[in-house]
Amino acid sequence: MKGFMAMDLVSRIERQLKDEQLLCRGDSIVAAVSGGPDSIAMLHVLFLLSERWEWRLTVAHVNHQFRVEESAREAEFVKDFSDRLGLPCEVAVINVPQYIQDTGMNAQAAARELRYRFLQETAARLGAGKIALAHHADDQAETMLMRLLRGTGPSGLAGIPIRRTERNVELVRPLLRIYKSELLDYCHHHQLTYFMDSSNLSTKYLRNEIRLELLPMLQQRYNDQLPQALNRLSVTMAAEDDFLDQQASAIFEQNVAVESDFAQWSRNWFAGVHVALQRRLIKLILNYLSFEADSLDFTKLEQMRELIVKEEPSNQRIDIGHNLTLTREYDRIQLHTYVVPPKPYLYTLQPRQGSLTVSETGAVIECALLEEAGKYERNSGDRASEWFDADLLAFPLTVRSRADGDRMNLFGLNGSKKVKDIFIDAKIPPSLRARIPVIEDAEHRIIWLPGIRRSSWAPVTGNTKAWLHLKLCMEEGFLSTVLR
């Protein structure tokens, strides 16, 4: 019976390869082989199918140098097994213990990082589009239980992915639905020898402790089908996680503006999105900004989400780490790198100068003096430009950065109003206020805050003989935010 099951295993794996489209005809594949029963069985199955599928197989093995003599024998065994199958074999000898000493990483994380780097470099050098890894269903069950113990969300419950693209090569796991016992039976039936890594018996590693102690205990006391139950959960959650990711990506594309160093979106829109998608959107945006979102703990994620959705106060910011800040300014939410405010500046502007560029902010002020009434055309909807009675102004004008205590006279208001309060009333995000120039005449009367308000001074009337036209030019994103 076991012999029949072992023979049937090849058909089951081939059917899964077709159903999941893990491997395609003519693929060039790097098979990661440690020398243990799992990877030896995987390599043997792939070899048996390779002629029919026209695959180009290359074996890759890493000697991590954790167990000097044992690791060397293991590497030699993999090389000999590959030779018997007539397959090329790439062996890397990497001093992982030294790397751990240099970086302070834990042993398993360091070994994984260097192993995957070697596999990806080998695939790139050989022009291989796939790397086959021998993770199986028991590995999946252990991963699920480990993540539950440490605390995880829906994405973590998706478990080990059956496929994942990394650095332009696809990592595939043909054995992820196959259990360890089936692989051992397969090796026994085909008389395949293999190495047993002695470190797999050490419970100093959490995964080994789960495999050797916790999982067997839970199976015995509560559910003898626990590995199967955990695998069913991972399959279910992987599909649902993928669906939610697709939904998040779709609304992200429609509603979030992203550049290399910032992302911006509407607070009111975000607050109306389901909370499950809110969390995914935050992670998606962080990933676009090259922030490893999976490293963000749930508490920090919720702090970010709650700052965005709560009603008041409207202007806040929090430090996310890795040089990123989340800023909320009225309806404007922005994740961005730290913003250095522009240096204070002061320029003079003559009425016939034509234009003035403020290098500190990128603003350009266009200036035109007209002495013919027929050329005066006021567009009441254009808040980026303004007209003044030139004869009522003292020249030259000054274009400068805002200063504490600035005040401006407004139409319909007795006395003056603080420029700071004008910005607040107009709901101008604090991070943008320093970029809006203050324009005053030679008698220090502020006549215009471009895009925000003009003063009551020098209005155009029926008695105007000379017209001064000023216009603010800046990048579209800035103007659309200020002039919304």
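Just so it is clear, the values below take in all heavy atoms, side chains as well, and ignore hydrogens, waters and symmetry mates.
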>> So Leu9 and Leu183, do their side chains get closer than 4.5 Å, heavy atoms only?
In response: yes
> Within a strict 4.5 Å, meaning less than it, do heavy atoms of the Lys130 and Leu23 side chains meet?
Replying inline: yes
>> Restricting to non-hydrogen atoms, name the atom on Ser71 and the atom on Asn63 that form the minimum distance, rounded to 0.1 Å.
In response: CB-OD1, 3.1 Å
> Within a strict 4.5 Å, meaning less than it, do heavy atoms of the Val172 and Ile162 side chains meet?
Replying inline: no
> Any ion pair linking Asp241 and Arg280 (charged N to carboxylate O, less than 4.0 Å)?
Replying inline: yes
> Salt-bridged, Arg305 to Glu302, with N to O below 4.0 Å?
Replying inline: yes
>> Taking the basic N atoms (NZ, or NE/NH1/NH2) and the acidic carboxylate oxygens, is any pair closer than 4.0 Å for Lys418 and Asp404?
In response: no
> Looking at Arg117 and Glu121, does any basic side-chain N land under 4.0 Å from a carboxylate oxygen?
Replying inline: no
> Ignoring hydrogens and geometry, is there a side-chain-to-backbone donor-acceptor pair from His61 to Val33 under 3.5 Å?
Replying inline: yes
> Using the ring of each side chain (for Trp, its six-membered ring), is Phe66 parallel, tilted or perpendicular to His64, with breaks at 30° and 60°?
Replying inline: parallel
> Do you know the tightest heavy-atom contact between Trp55 and Gly26?
Replying inline: CD1-N, 4.1 Å
> Mind checking whether Thr299 and Gln303 have side chains closer than 4.5 Å, heavy atoms only?
Replying inline: no
> Can Thr152 and Phe298 be said to form a side chain to side chain contact (heavy atoms under 4.5 Å, CB included), step by step?
Replying inline: CA-CA 9 Å; Thr152 189; Phe298 181 78; over 6 Å; no
>> Measuring from atom NE2 of His44 to atom OH of Tyr194, what distance do you get when rounded to the nearest 0.5 angstrom?
In response: 14.0 Å
> Run the side-chain hydrogen bond (donor to acceptor under 3.5 Å, both in side chains) check on Tyr99 and Glu113 step by step: do they pass?
Replying inline: CA-CA 10 Å; Tyr99 186 72; Glu113 178 181 308; 2.3 Å; yes
>> Would you compute the distance between atom CD1 of Ile422 and atom CD1 of Ile452 and round it to the nearest 0.5 angstrom?
In response: 9.5 Å
>> Atom CG of residue position Asp297 - does it have more than 12 heavy atoms of other residues, nucleotides or ligands inside 6.0 Å?
In response: yes
> Which distance, rounded to the nearest 0.5 Å, do you find between the CZ of Arg177 and the CG of Asp19?
Replying inline: 10.5 Å
> So Asp425 and Lys420, salt bridge (charged side-chain N to carboxylate O under 4.0 Å, His left out) or not? Walk me through it.
Replying inline: CA-CA 9 Å; Asp425 292 345; Lys420 177 182 177 181; over 6 Å; no
> Counting distance only, does the side-chain N/O of Gln278 pair as donor-acceptor with the main-chain N or O of Phe270 below 3.5 Å?
Replying inline: yes
> Should Thr361 and Tyr345 be marked as a side chain to side chain contact (heavy atoms under 4.5 Å, CB included) after you check the CA-CA gap, both sets of side-chain angles, and the distance that decides it?
Replying inline: CA-CA 9 Å; Thr361 66; Tyr345 57 89; 3.9 Å; yes
>> Closer than 3.5 angstrom, by distance alone: can the side chain of Asp139 be matched with the main-chain N or O of His136 as a donor-acceptor pair?
In response: yes
> Between Arg147 and Leu157, is a side chain to side chain contact (heavy atoms under 4.5 Å, CB included) present by the stated rule, with each step listed?
Replying inline: CA-CA 7 Å; Arg147 290 181 180 178; Leu157 291 178; 5.7 Å; no
> Between Lys79 and Asp83, is there a side-chain N and carboxylate O pair less than 4.0 Å apart?
Replying inline: yes
> Roughly how far, to the nearest 0.5 Å, is the NZ atom of Lys343 from the OG atom of Ser359?
Replying inline: 9.5 Å
> Looking just at side-chain N and O atoms, do Ser401 and Arg435 make a donor-acceptor pair shorter than 3.5 Å?
Replying inline: no
> Is the charged tip of Arg73 near the ring of Phe77: under 6.0 Å from the six-membered ring centre and within 45° of its axis?
Replying inline: no
>> Do Gln247 and Ile251 make a side-chain contact, defined as non-hydrogen atoms from C-beta onward lying under 4.5 Å apart?
In response: no
> Taking all non-hydrogen atoms of both residues, which atom of Phe47 and which atom of Leu85 are closest, and how far apart?
Replying inline: CE1-O, 3.2 Å
> If every non-hydrogen atom of Pro174 is compared with every non-hydrogen atom of Leu22, which pair is closest and at what distance?
Replying inline: CA-CD1, 4.1 Å
> Atom CG in Leu133, atom CE in Met42: separation rounded to 0.5 Å?
Replying inline: 7.0 Å
> Is Arg267 salt-bridged to Asp331, going by a charged N under 4.0 Å from an acidic O?
Replying inline: no
> Under the 3.5 angstrom rule, does the side chain of His274 hit a backbone N or O of Ala276 as a donor-acceptor pair?
Replying inline: yes
>> Assess, by modelled atom type and distance only, whether the side chains of Asp224 and Gln220 contain a donor and an acceptor separated by less than 3.5 Å.
In response: no
> What is the minimum heavy-atom distance between Leu215 and Glu142, and which atoms define it?
Replying inline: CD2-CG, 4.2 Å
>> Can a donor-acceptor pair be found, under 3.5 Å and without considering hydrogens, that links the side chain of Thr357 to the backbone of Val364?
In response: no
> Between Arg433 and Ile424, is any pair of side-chain heavy atoms under 4.5 Å apart?
Replying inline: yes
>> Closer than 3.5 angstrom, by distance alone: can the side chain of Asp27 be matched with the main-chain N or O of Cys24 as a donor-acceptor pair?
In response: yes
> Do NZ/NE/NH1/NH2 and the carboxylate oxygens of Lys180 and Asp38 come within less than 4.0 Å?
Replying inline: yes
> Can you find a side-chain donor-acceptor pair between Arg328 and Gln316 that sits under 3.5 Å?
Replying inline: no
> Is there a donor-acceptor contact under 3.5 Å from the side chain of Ser266 to the main chain of Trp269?
Replying inline: yes
>> As a quick check of understanding, evaluate side chain to side chain contact (heavy atoms under 4.5 Å, CB included) for Leu218 and Leu214, giving each step before the final call.
In response: CA-CA 6 Å; Leu218 293 174; Leu214 181 58; 3.9 Å; yes
> Any side-chain heavy atom of Phe262 sitting closer than 4.5 Å to one from Thr325?
Replying inline: no
> For Arg25, does the CZ atom have more than 12 heavy-atom neighbours from other residues, nucleotides or ligands under 6.0 Å away?
Replying inline: yes
> Is a side-chain donor-acceptor pair under 3.5 Å present for Trp53 with Glu14?
Replying inline: yes
>> On a heavy-atom basis, which atom in Cys187 and which in Pro37 lie closest, and how many Å separate them?
In response: SG-O, 3.6 Å
> Could you state the interatomic distance from CD (Glu182) to CD1 (Ile13), rounded to the nearest 0.5 Å?
Replying inline: 8.5 Å
> Would you say the side chain of Gln264 lies within less than 4.5 Å of the side chain of Ile333, judging by non-hydrogen atoms?
Replying inline: no
> If we ignore angles and hydrogens, is there a donor and acceptor under 3.5 Å between the side chains of Gln246 and Asp242?
Replying inline: yes
> Does the salt bridge (charged side-chain N to carboxylate O under 4.0 Å, His left out) test come out yes or no for Glu166 and Arg164, once each step is laid out?
Replying inline: CA-CA 6 Å; Glu166 189 175 286; Arg164 179 168 58 89; 2.2 Å; yes
> Any luck finding a side-chain donor-acceptor pair between Thr327 and His336 under 3.5 Å?
Replying inline: yes
>> Please check: side-chain N/O of Arg163 versus main-chain N/O of Glu20, any donor-acceptor pairing under 3.5 Å?
In response: yes
> Quick check: does any side chain N or O of Asp138 sit under 3.5 Å from a backbone N or O of Tyr179, one acting as donor and the other as acceptor?
Replying inline: no
